[in-house]
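Heads up: the structure comes next, in C-alpha cells.
All values reported here derive from a predicted model rather than from experimental measurement. Chain letters run A, B, ... following the sequence lines, proteins first and then strands; every chain starts at 1.
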Amino acid sequence: MLQLSYIQENKEEVLRKLAIKNFHNSDLIHDIISLDQKRKETQKSLDDNLARANSLAKEVGKLFKEGRREEANAIKEETANLKHDNKELAGALEIISKELNELLLDVPNIPHESVKAGKGEEDNEILVEEGKIPATDEKALPHWELASKYKIIDFKLGSKVTGAGFPFYRGKGAKLQRALISFFLDEAIASGYEEFQPPLFVNEDSAYGTGQLPDKEGQMYHIGEDRLYPIPTAEVPITNIYRDVILKEDELPVKNVAYSSCFRREAGSYGKDVRGLNRLHQFDKVEIVQIQHPERSYETLEEMKDHAAGLLKKLGLPYRILRLCGGDLSFTSALTYDFEVYSAAQKRWLEVSSVSNFENYQANRMKLRFKGKGKTQLAHTLNGSALALPRIVAALLENNQTEKGIEIPEVLVPYTGFEVID
RNA sequence: GGAGAGGUGGGUGAGUGGCUGAAACCACCGGUUUGCUAAACCGGCAUGCCUGUCAAAGGGUAUCGGGGGUUCGAAUCCCCCCCUCUCCGCCA
C-alpha cells in the first residue's frame with residue numbers, strides 16, 4: 001500500500017497519477033486524509049492519558065513505600081477514571097486504524113511516469129518484437145493435438161484423476177518440463193540469483209503480505225481446515241521471507257529464484273482461450289524476485305527484463321515485450337513488462353512472463369525495510385516470471401513441429417537428452 | 001497424535017511485581033592509540049506511533065512469541081493460542 005505520509009504530502013499528484021490507472025475515487029483519498037487526522041488526535045489523547053496514568057502509578061508506589069496509605073488510595077480513584085477513559089480511547093483508536101488501513105488497501109499503486117494511460121490490453125505499448133514469426137502452415141497442429149499425437153501430455157487423464165486444468169505430462173513431455181525448469185534455474189543462478197525451494201502452501205499473513213488477500217481471494221485455493229493457501233506463484237512465499245525484516249543496505253540487492261508449482265482457481269475462465277495448456281489450475285513456473293534500493297530499482301527492472309528476454313532468445317521463440325498501459329497494469333504494480341510468445345498453430349500471442357516493479361507498495365504492506373548509514377527506509381520489490389512453463393511448451397510444440405517430430409531447441413538438448421519428440 | 005521443557009534486543013544470556021526499553025558479553029558502527037594489522041580504551045548501537053523541526057535534537061507512548069486478564073503498577077502472576085526443543089507413537 002501507499003505510504004500515508006506520501007498521500008498527505010502529495011494529494012494532487014497522487015490523484016493525477018492514479019487517473020492514469022483509471023482510478024478516479026478522490027473521495028477515498030479525502031477520507032483517508034481526514035480519518036488520519038482523527039487518528040492522530042485520538043492517539044494524542046490516549047498517549048497523554050497514559051502518561052498521566054504512568055506518573056500516578058509511580059507516585060502510588062512511592063506513597064505506599066512511605067506508608068502513606070490514604071493519600072495513595074485517593075490517587076487510585078483518579079487512576080480508575082483514567083483507566084476507563086483509556087479503554088474507550090484505545091477502542092476508538094483501534095477502530096479508526098483498522099478502517100484507515102482498509103481504505104489504504106483500496107488505493108492502487110501509483111504508476112511509473114513512463115506508463116501511458118489506456119483502457120486495457122489494446123492500449124499496451126509494444127516495445128520490442130524479436131524473432132521470426134513462422135510462416136502460417138495450414139497443416140500445423142495446435143499443441144493439444146500434438147500432445148496426444150506424441151503422447152506427451154494427457155489432459156483427459158488429468159480430468160479423470162483431478163479435474164479440468166490439471167494435465168499429466170508423460171514420457172518425453174515430462175522430461176521436457178524438467179529440462180525447462182533446470183534450464184531456467186541454471187540461467188538464473190548464473191545471473192547471480194540464489195535458488196530457493198519454497199513451501200507450496202502459505203498462511204494468511206503471507207497471503208496478505210503480497211496482496212493476494214484480501215483483493216484476490218477468489219484466485220487462490222483455500223485449505224480451510226488448516227487455514228492455508230496453495231500458492232498462486234512462488235512470489236508469495238519468496239517475498240514473504242522478508243516480511244517484517246530490516247535488511248542491511250549492503251545486503252541489497254537480494255536476488256532470489258524459485259521453481260514451484262502454482263495453483264490458481266481461475267474462476268470465470270472459459271472458452272477457447274483456455275484450451276490445452278493455455279490456462280491451467282496447476283502449472284510450473286520459475287520466478288525471480290529482487291529486493292532493491294529505491295534509487296536502483298528501475299535499473300534492476302531492466303536487468304530482469306533482459307534476463308527474461310535472453311531466455312526466450314535462447315529458446316528461439318518469437319516474442320514481444322509490452323509495456324502495460326495504466327488500464328492493464330495490476331493493482332500493485334508501478335510498471336510492468338509483459339512477455340508474449342507467438343504460437344504458430346493458434347496464431348496468437350501467449351503471455352509467458354510479467355516483470356514488475358512494485359516500488360515500495362508491497363514493502364510498505366509487509367514492512368520490508370533496509371538500513372544504511374541514513375534512516376531506515378522501505379525497500380523496493382520486483383519480480384518476474386522466468387518463465388512460466390505451459391505456454392512456453394505450447395509455443396515450442398507448435399512452432400517446432402516438423403514432419404519428423406518436434407525439434408528441441410539446442411540449449412535444452414543437454415537437459416532433455418534427446419533432440420526430437422517423435 | 002501423547003508427555004515434558006522453553007520462547008527476552010542482530011547473537012549468547014541476566015532479569016519472579018515498581019528504580020528494566022531491559023544487565024553483562026559478543027557482533028556491528030564511530031573515535032583515540034598505532035609504521036601496518038591486532039590488542040587496549042572511549043562512545044554509539046531496536047522498532048512503530050504521537051509531538052516537535054526547514055531538517056534535527058528533544059519529549060510522550062507502545063512493544064520482552066501473539067491475544068486477553070489480574071493490579072495503582074507486569075518481561076515478571078493468571079487464561080487462551082502459536083512456535084521451538086526433548087522423549088514416545090506414526091511415517092516418505
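Ion pair A:D422/A:K172 flagged as a salt bridge, since at least one NZ, NE, NH1 or NH2 atom sits closer than 4.0 Å to an Asp/Glu carboxylate oxygen. Taking a cutoff of 4.0 Å between a charged side-chain nitrogen and a carboxylate oxygen, A:R52 and A:D48 do not qualify as a salt bridge. The pair A:E145-A:K149 fails the salt-bridge criterion, with no side-chain N (NZ, NE, NH1 or NH2) lying under 4.0 Å from an Asp/Glu carboxylate O. Between A:E41 and A:K44, no side-chain nitrogen of the basic residue sits less than 4.0 Å from a carboxylate oxygen of the acidic one, so the salt-bridge criterion is not met.
A:I246 comes within 4.0 angstrom of sugar-phosphate atoms only, judged by non-hydrogen atoms across all strands, and of no base. At a threshold of 4.0 angstrom between heavy atoms, the contacts of A:D48 with the nucleic acid are absent. Among the atoms of the strands shown, base atoms are found under 4.0 Å from some heavy atom of A:K76. In this structure, A:L50 reaches the sugar-phosphate backbone alone: every heavy-atom distance under 4.0 Å involves primed, P, OP1 or OP2 atoms, never a base.
When each of A:E59 and A:Q37 is assigned the nucleotide of RNA chain B bearing its nearest heavy atom, the one mapping closer to the 5' terminus is A:E59. Positionally, the nearest nucleotide of RNA chain B for A:A51 lies more toward the 5' end than for the other of A:L56 and A:A51.
Under the Watson-Crick or G-U wobble criterion, with both distances below 3.5 Å, B:G4 is paired with B:C85. In this structure B:A22 sits in no base pair that meets the Watson-Crick or G-U test at under 3.5 Å. When both distances must be under 3.5 Å, the Watson-Crick or G-U wobble mate of B:C41 is B:G31. Nucleotide B:G58 has B:U51 as its partner under the Watson-Crick or G-U criteria, with both atom distances under 3.5 Å. The base-pairing partner of B:U16, taking Watson-Crick or G-U wobble contacts with both distances under 3.5 Å, does not exist among the strands shown. Nucleotide B:A75 forms a pair with no other nucleotide shown, judged by Watson-Crick or G-U wobble geometry with both contacts under 3.5 Å. Across all strands shown, B:A92 remains unpaired; no Watson-Crick or G-U wobble contact has both distances below 3.5 Å.
Side chains of A:S5 and A:Q3: no donor on one and acceptor on the other come within 3.5 Å.
Other residues, nucleotides and ligands place more than 12 heavy atoms under 6.0 Å from the CD atom of A:Q8.
When the P atom is compared between B:G11 and B:A27, the two are found 15 Å apart, to the nearest whole Å. B:G73 sits 6 Å from B:G18 when the C1' atoms are compared, rounded to a whole Å. Atom P of B:A46 sits at a distance of 35 Å from the matching atom of B:G35, rounded to the whole Å. Taking atom C1' in both B:G67 and B:A75, the straight-line distance is 16 Å, to the nearest Å. As rounded to the nearest Å, B:A38 and B:A5 have P atoms that lie 48 Å from one another. A distance of about 13 Å separates the C1' atoms of B:A14 and B:U76, rounded to the whole Å. Straight-line distance between the C1' atoms of B:A40 and B:U33: roughly 8 Å, to the nearest whole Å. Atom P of B:C45 sits at a distance of 12 Å from the matching atom of B:G59, rounded to the whole Å.
When the ring pair (Phe, Tyr, Trp, His ring centres under 6.0 Å) test is applied to A:H30, no partner is found at least two apart in sequence or on another chain.
Here the rule is side chain to side chain donor-acceptor pair (under 3.5 Å) with A:S343, and of A:E398, A:H143, A:R391 only A:E398 fits it.
Of all nucleotides in RNA chain B, those with any atom nearer than 4.0 Å to a heavy atom of chain A start and finish, going 5' to 3', at B:G18 to B:G73.
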